[in-house]
Amino acid sequence: MSKKVHVKTGDTVIVINGKDRGKTGKVMAVSPSEGKVIVEGVNIVSKHVKPRKMGEAGGIIKAESALYADKVQLVCPKCKKAVRVGHVINEKGNKVRVCKKCNAHID
């Protein structure tokens, strides 16, 4: 069963809910099957890593963790606000994403 997510890799989004509310970042990865996204600089967790090879250092590293896609909202490149996404069909017959506030094309 295919699920849809309203953001794509490379989009700039703002977090609207949770401990990182108000932070913006770029989407690094999208997982439609889980309905989650990984945003750069958001939802940082400490990860304990073991050394795998001889001479490799182990320790605690900071990494971005996935968060639900419904907790983020797309930032319009034209009006610089958190917006909902609409879809229209352009002259060439392609479906493109548009900003619901200013009707600017996002793609």
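Taking NE2 from His48 and CD1 from Ile60, the interatomic distance works out to 4.5 Å, rounded to the nearest 0.5 Å. Of the inter-residue distances, the one linking Ile16 atom CD1 with Asp70 atom CG reads 7.5 Å to the nearest 0.5 angstrom. Here CD of Gln73 is found 12.5 Å from NZ of Lys81. Values are rounded to the nearest 0.5 Å. Annotation: the span from Leu74 atom CG to His6 atom NE2 amounts to 7.0 Å, rounded to 0.5 Å. Here OG of Ser65 is found 7.0 Å from CD1 of Ile38. Values are rounded to the nearest 0.5 Å.
What you find for Ile106 and Cys99 is that their closest heavy atoms are CD1-N, 3.8 Å. Of all non-hydrogen atoms in Glu56 and Arg52, the two that sit nearest each other are OE2-N, 3.4 Å. Across all non-hydrogen atoms, the minimal contact from Pro32 to Val30 is CD-O, 3.5 Å. For the residue pair Ala57 and Pro51, the shortest heavy atom distance occurs at C-CB, 4.2 Å.
Under the 4.5 Å side-chain criterion, counting only non-hydrogen atoms from C-beta, Val96 is in contact with Val88. For the pair Val72/Val37, a side-chain contact is recorded, criterion being any heavy-atom separation below 4.5 Å from C-beta on.
Evaluated for a side chain to side chain contact (heavy atoms under 4.5 Å, CB included) with Val39, the options Thr24, Ile14, Val13 yield exactly one hit, Val13.
Screening residues 13-31 for salt bridge (Lys or Arg N to Asp or Glu O under 4.0 Å) gives Asp20-Lys23 as the qualifying pairs, with residues at least two apart or on separate chains. For residues 83-103, the side-chain hydrogen bond (donor to acceptor under 3.5 Å, both in side chains) pairs, not counting sequence neighbours, are Asp11-Arg97, Arg97-Asp107.
The side chain to side chain contact (heavy atoms under 4.5 Å, CB included) test applied to Ser31 returns Ser33, Glu34, not counting sequence neighbours.
Both Val27 and Val85 are members of a single hydrophobic cluster when ILVMFWY side chains are connected at heavy-atom separations under 4.5 Å. Connection of Val5 to Val42 is established within a shared hydrophobic cluster, with ILVMFWY side chains joined at heavy-atom distances below 4.5 Å, either directly or through further cluster members.
Glu64 places a side-chain N or O within donor-acceptor distance of the main-chain N or O of Gly41, the cut-off being under 3.5 Å.
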